[in-house]
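Written below as structure tokens is the structure these notes are about.
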Amino acid sequence: MKPSIVLYKKLPADLHQRLEEHFSIVEFDGINEGNRAKVFDALQQAEGLIGSGGAVNKELLDHAPRLRGVSTISVGYDNFDVDELTRREIPLMHTPTVLTDTVADTVMALVLSTARRVVNVAERVKAGEWTSNIGADWFGVDVHHKTIGIIGMGRIGMALAQRAHFGFDMPVLYNARSQHKAAEERFGAKKCELDELLAKSDFVCVLLPLTDQTFHTIGKEQLAKMKSSAILISAGRGPVIDEKALIAALKDGTIHAAGMDVFETEPLPKDSPLLCLPNVVALPHIGSATHETRYGMAACAVDNLIAALTGDVKENCVNPQVLNK
Ligand SMILES: NC(=O)C1=CN([C@@H]2O[C@H](COP(=O)(O)OP(=O)(O)OC[C@H]3O[C@@H](n4cnc5c(N)ncnc54)[C@H](OP(=O)(O)O)[C@@H]3O)[C@@H](O)[C@H]2O)C=CC1
Ligand SMILES: O=CC(=O)O
């Protein structure tokens with residue numbers, strides 16, 4: 001008999017079939033209040049779990065006594081209780097690398113669209129405001145040659161530095177826990193303390209994972225250290241930025257603008273003050289959302305689950321200490 005798995009995200013047909021060759025699938029459209037009881041019921045028999053979004057916590061794991069492998073269709077895994085998975089010796093698999101370039105492209109799009117006011121200006125054209133030669137009230141600011149500060153010089157930070165350095169001739173500053181020699185050698189990046197990066201950067205790009213240590217890394221105090229002409233880009237996880245403090249800073253001119261792909265609450269509530277600010281570009285968490293990359297992530301996650309349940313994990317494991325036990 002094939003092992004049973006719970007799939008909680010729709011997959012392309014060929015990837016679904018690939019999973020079916022190995023496993024008996026019980027499928028759900030996400031895990032939510034409406035289907036939680038049914039998911040918990042299916043988890044009683046499940047040896048594998050694959051999908052994205054929603055909390056995979058102790059309560060859920062308590063309903064999954066036979067679970068041997070979990071695969072998320074994402075690189076971020078802040079919604080998983082990794083300690084609990086590790087305690088149960090269950091490998092958690094994720095999808096790094098396959099999405100790196102696409103997310104870096106999205107960050108660069110936010111840099112350009114905030115600096116050149118692409119969204120704001122395009123809306124004015126659609127509203128019929130382009131009636132004569134444009135004046136300074138349509139102008140933006142340059143991106144090329146400006147200093148970019150990257151907070152979180154991991155895979156995506158490196159890909160962003162590459163674009164900024166080679167594409168736009170931008171000096172690169174970065175902050176991370178460790179030194180990234182490759183970034184220094186290839187992109188002339190300079191490691192600095194957070195305060196120095198905030199004070200010197202024209203674009204501050206936050207690409208940190210969400211952890212207990214990174215929660216509200218950017219708050220009132222940090223925003224006050226930025227240049228009043230600076231633009232903040234948030235594309236790691238929403239709660240890394242104190243959104244209330246950011247809204248105040250955008251309103252009172254502490255900083256110039258913000259480009260955001262991630263928010264403290266997602267989907268962004270309709271009454272969020274961010275939606276009324278002309279100096280904000282807000283995207284619906286589309287960092288990796290291209291057809292090619294979303295397919296690549298799903299394929300990677302399927303391969304990851306097969307590897308975890310057949311004991312053949314070579315890469316992409318968040319808690320490798322549980323392997324070969
Ligand atoms: N908007 C979107 O759609 C997407 C968002 N993401 C988010 O981006 C995050 C980063 O992805 P990726 O680049 O692949 O991850 P990496 O693990 O490669 O990079 C993370 C970086 O953050 C740094 N970091 C972690 N904790 C701290 C800390 N406490 N203080 C300072 N620096 C810290 C790491 O530092 P060090 O190098 O020193 O370890 C590393 O440089 C993901 O975790 C996810 O949350 C990812 C994909 C899409
Ligand atoms: O936010 C997306 C991810 O892959 O993490």
Side-chain angles (χ1 to χ4, degrees), residues 72 74-83 85-86 91-108 110-111 146-168 170-219 221-223 225-226 230 232-242 261-262 287-288 300 304 313-323:
T72 178
S74 64
V75 63
Y77 48 84
D78 45 278
N79 51 325
F80 290 82
D81 187 336
V82 180
D83 289 342
L85 284 163
T86 303
L92 171 61
M93 312 296 293
H94 70 149
T95 64
T97 317
V98 62
L99 48 60
T100 297
D101 283 312
T102 300
V103 181
D105 290 347
T106 306
V107 177
M108 213 57 225
L110 280 172
V111 166
K146 297 281 179 69
T147 298
I148 190 167
I150 301 177
I151 305 177
M153 187 55 101
R155 289 169 289 253
I156 300 168
M158 283 288 284
L160 176 63
Q162 181 186 25
R163 283 154 179 73
H165 174 70
F166 290 114
F168 295 85
M170 299 169 88
V172 178
L173 306 177
Y174 75 95
N175 177 264
R177 292 168 301 195
S178 33
Q179 188 180 6
H180 290 266
K181 281 212 165 131
E184 296 176 9
E185 285 163 12
R186 289 165 58 195
F187 317 127
K190 180 176 172 281
K191 183 170 192 281
C192 48
E193 294 299 326
L194 185 57
D195 284 359
E196 185 188 352
L197 181 149
L198 294 169
K200 290 187 175 166
S201 300
D202 298 299
F203 297 90
V204 172
C205 300
V206 188
L207 293 170
L208 292 170
L210 175 60
T211 65
D212 290 346
Q213 292 72 43
T214 63
F215 178 78
H216 282 193
T217 295
I218 302 294
E221 201 185 311
Q222 290 71 33
L223 290 158
K225 289 179 176 151
M226 289 171 62
L232 180 81
I233 306 294
S234 173
R237 282 291 183 267
V240 172
I241 314 280
D242 177 347
D261 188 42
V262 291
S288 63
C300 176
N304 284 342
V313 173
K314 296 190 179 69
E315 57 183 0
N316 301 339
C317 187
V318 170
N319 52 351
Q321 64 273 34
V322 306
L323 301 172

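Just so it is clear, the model here is predicted, and its values are computed rather than measured. Along the sequence shown, the residues carry numbers beginning at 1.
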Val75/Arg155 under side chain to side chain contact (heavy atoms under 4.5 Å, CB included): CA gap, chis, key distance, verdict: CA-CA 10 Å; Val75 63; Arg155 289 169 289 253; 3.7 Å; yes
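- In this structure, the side chain of Glu185 does not engage the main chain of Ala182 through any donor-acceptor pair within 3.5 Å.
- Considering all non-hydrogen atoms of both residues, Leu160 and Leu207 come closest at CD2-CD1, 3.9 Å.
- Residues Val240 and Phe215 are not in side-chain contact: their nearest non-hydrogen atoms beyond the backbone lie 4.5 Å or more apart.
- Inter-residue side-chain proximity for Arg163 and Asp105 is flagged as met; some heavy-atom pair is nearer than 4.5 Å.
- When all heavy atoms of Asp78 and Leu210 are compared, the pair lying nearest together is CB-O, 3.5 Å.
- Side chain of Asn175 to main chain of Cys192: a donor-acceptor pair is present (N/O by atom type, distance under 3.5 Å, no hydrogens or angles).
- Interatomic distance, OH of Tyr77 versus CG of Leu85, reported as 12.0 Å (0.5 Å rounding).
- Applying side chain to side chain contact (heavy atoms under 4.5 Å, CB included) to Lys225 and the options Val204, Asp195, Leu197, Ile218 leaves one that passes, Asp195.
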Chi angles and distances behind the salt bridge (charged side-chain N to carboxylate O under 4.0 Å, His left out) call for Lys191, Glu196: CA-CA 10 Å; Lys191 183 170 192 281; Glu196 185 188 352; over 6 Å; no
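- Rounding to the nearest 0.5 angstrom, the gap separating the CG atom in Asn304 from the NZ atom in Lys314 is 11.5 Å.
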Intermediate values then yes/no, side chain to side chain contact (heavy atoms under 4.5 Å, CB included), Leu232 and Met226: CA-CA 9 Å; Leu232 180 81; Met226 289 171 62; 4.1 Å; yes
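- Shortest non-hydrogen contact noted between Ser288 and Leu99 is CB-CB, 3.9 Å.
- Within the model, atoms CG of Asp202 and NZ of Lys146 stand 5.5 Å from one another, a figure rounded to the nearest 0.5 Å.
- Ring planes of His165 and Phe187: tilted class, angle from 30 to 60°.
- Counting heavy atoms from C-beta on, the side chains of Leu323 and Cys317 come closer than 4.5 Å.
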Step-by-step side chain to side chain contact (heavy atoms under 4.5 Å, CB included) determination, Ile148 to Leu173: CA-CA 6 Å; Ile148 190 167; Leu173 306 177; over 6 Å; no
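- Listed for the Thr217 side chain is a donor-acceptor partner under 3.5 Å among the backbone atoms of Thr214.
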Verdict with supporting geometry, Met108 and Phe168, side chain to side chain contact (heavy atoms under 4.5 Å, CB included): CA-CA 10 Å; Met108 213 57 225; Phe168 295 85; 3.6 Å; yes
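- Residues Ser234 and Val262 approach most closely at OG-CG2, 3.4 Å, considering heavy atoms.
- If you take CD on Gln213 and CG on Leu208, they are separated by 11.0 Å, rounding to the nearest 0.5 Å.
- Residues passing the side-chain hydrogen bond (donor to acceptor under 3.5 Å, both in side chains) test with Glu184, sequence neighbours excluded: Tyr174, Gln179.
- Side chains of Asn316 and Thr95 form no contact here, defined as non-hydrogen atoms less than 4.5 Å apart.
- A donor-acceptor pair under 3.5 Å links the side-chain atoms of Asp261 to the main chain of Gly287, judged by distance alone.
- Shortest non-hydrogen contact noted between Ala159 and Asp101 is CB-OD1, 4.0 Å.
- Here the CG-CD distance, from Leu198 to Glu193, works out to 11.0 Å after rounding to the nearest 0.5 Å.
- Smallest separation of non-hydrogen atoms from Met153 and Ala161: CE-CB, 4.0 Å.
- One finds the CG atom of Asn319 at 4.0 Å from the OG1 atom of Thr86 (value rounded to the nearest 0.5 Å).
- Of the possible polar contacts, none joining the Thr72 side chain to the His94 backbone as a donor-acceptor pair under 3.5 Å is found.
- Between the side chain of Thr106 and the backbone N or O of Thr102 there is at least one donor-acceptor pair closer than 3.5 Å.
- Around atom CZ of Phe80, more than 12 heavy atoms belonging to other residues, nucleotides or ligands sit under 6.0 Å away.
- Leu92 is not listed as a side-chain neighbour of Val322, based on a closest heavy-atom distance of 4.5 Å or more.
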